[in-house]
2 protein chains.
Amino acid sequence: MSRDSNRLCLCPMQGVIDTISKKWALLIIHVLGNKPRLRFNEIMKELEGISPKTLTDTLAVLQKEGFVGREAFSEIPPRVEYYLTDDGKELWDAILPLLEWTMKRENFSQDLCPSHCFKKPGHH
Amino acid sequence: MSRDSNRLCLCPMQGVIDTISKKWALLIIHVLGNKPRLRFNEIMKELEGISPKTLTDTLAVLQKEGFVGREAFSEIPPRVEYYLTDDGKELWDAILPLLEWTMKRENFSQDLCPSHCFKKPGHH
DNA sequence: CGGGATCCTAGGGGATACTG
DNA sequence: CAGTATCCCCTAGGATCCCG
């Protein structure tokens, strides 16, 4: 389905919209995109403001959709790591233009930024 | 709160997420992106399934955000046209990668597509 | 034709407390 | 630590009717 096809159908888009329209989904994707792996509470910290329930729910959806992988280690205390699957990375790539445009557009000053900021390692 | 120079903050993204997370917002953007101008009921038709109220509400939000323009003609019967502003076109550009990736990924067959498909005139 | 005005409902998501 | 388990609220959005 190439870009120069002159027909564009929105039907398949509905699925993605359902996914990304979850309040924190894109943020989680992006946070996970910036680090190889993150633990539950690390994500919590980055996404200052999210509740554990919501994080659990959203992660579950993202796992089911195949964007996020999960690995649990049988240790005490427990350790669970989340990471982007290849599909998740592709989604991340697909939404990066949106993020970048957003930041440019809002002319966002980093001085105004509260603690929930994120690092961006050398991606492309 | 700046630890690094190449920091990426998600704060500004929240605004866009609020916008695009509306169930029909991206679809409307895209529909309007594919034609210069559309009337209310034309959008309704393209977005088979949307209710007039929801369309009204979403259009109002998109207008307030500055993505969509509206022009009303004092005629009988009334005629109102909607179109993408420059900002809206930029947003459209920013989400195109997402749409294209989606379609590629879902390997969507055009034969399966019901009537709410869209033409895409030569963009770029 | 292009909506406004109402009513209504599912469920997303916050807060909080608890547990293996 | 990494979640469950509740409770509860709010609002997006569908249905329906009406109007200038």
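Bear in mind the structure is a predicted one, so any value in this text is a computation, not a measurement. Worth knowing before you read on, the calculation uses all heavy atoms, side chains too, and leaves out hydrogens, waters and symmetry mates. Numbered from 1 within each chain, the chains take letters A, B, ... in sequence-line order.
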Reckon B:Y82 touches a base, only the sugar-phosphate, or nothing at all at heavy-atom distances under 4.0 Å? sugar-phosphate
Backbone N or O of A:I50 within a donor-acceptor pair of the A:T54 side chain at under 3.5 Å? no
Integer-rounded Å distance: C:dG12 C1' and A:L26 CG: 16 Å
Check whether A:E42 reaches the backbone of A:R39 with its side chain - one donor and one acceptor, N or O, closer than 3.5 Å. yes
Same apolar cluster (I L V M F W Y, side chains within < 4.5 Å links), B:L99/A:W101: yes
Within the structure provided, determine whether B:L84 and B:L91 are in side-chain contact (heavy-atom separation under 4.5 Å). no
Show the atom names and distances, to 0.1 Å, of all donor-acceptor pairs under 3.5 Å that link a side chain in residues 19-26 of chain B to residues at least two apart or in another chain.
{"residue": "B:T19", "atom": "OG1", "partner": "B:G15", "partner atom": "O", "Å": "3.2"}
{"residue": "B:S21", "atom": "OG", "partner": "B:I17", "partner atom": "O", "Å": "2.8"}
{"residue": "B:S21", "atom": "OG", "partner": "B:D18", "partner atom": "O", "Å": "3.2"}

Just verifying a value: how many Å separate B:T58 OG1 and B:I29 CD1, rounded to the nearest 0.5 Å? 10.5 Å
Interatomic distance, A:L32 atom CG to A:Y83 atom OH [nearest 0.5 angstrom]: 11.0 Å
Residues two or more places apart in sequence or in another chain: which of them pass side chain to side chain contact (heavy atoms under 4.5 Å, CB included) with B:D87? A:R105, B:F67, B:T85, B:E90
Reading DNA chain D from 5' onward, which residue's closest nucleotide shows up sooner: A:P78 or B:P78? A:P78
Could you give the start and end, 5' to 3', of the contact zone on DNA chain D for chain A, using atoms under 4.0 Å from its heavy atoms? D:dC1 to D:dT6
For DNA chain D, which residues of residues 50-72 of chain B approach it to below 4.0 angstrom with any heavy atom? B:S51, B:K53, B:T54
Can you tell if the side chain of A:L59 reaches within under 4.5 Å of the side chain of A:Y82, non-hydrogen atoms only? yes
Taking the side chain as C-beta and beyond, is there a heavy-atom pair between B:W92 and B:H30 under 4.5 Å? yes
So, with a heavy-atom separation below 4.0 Å from DNA chain C, the residues of residues 37-44 of chain B are B:R39, B:F40, B:N41
Considering residues at least two apart in sequence or located in another chain, which fulfil the salt bridge (charged side-chain N to carboxylate O under 4.0 Å, His left out) criterion with A:K89? none
Residue pairs involving residues 67-79 of chain B (criterion salt bridge (Lys or Arg N to Asp or Glu O under 4.0 Å); sequence neighbours excluded): B:R37-B:E71, B:E75-B:R79, B:R79-B:E81
ILVMFWY network linking A:V61 to A:V16, side-chain heavy atoms under 4.5 angstrom: no
Please identify each residue that fulfils side chain to side chain contact (heavy atoms under 4.5 Å, CB included) with A:T56, with sequence neighbours left out. A:F40
Contacting residues from residues 17-25 of chain B, given that a heavy atom lies under 4.0 angstrom of DNA chain D: B:K22, B:K23, B:W24
Got B:L55 and B:I43 here, is their nearest side-chain heavy-atom distance under 4.5 Å? yes
Angle between the two end axes of the helix from C:dC1-D:dG20 to C:dG20-D:dC1, five base pairs per end, rounded to 10 degrees? 60°
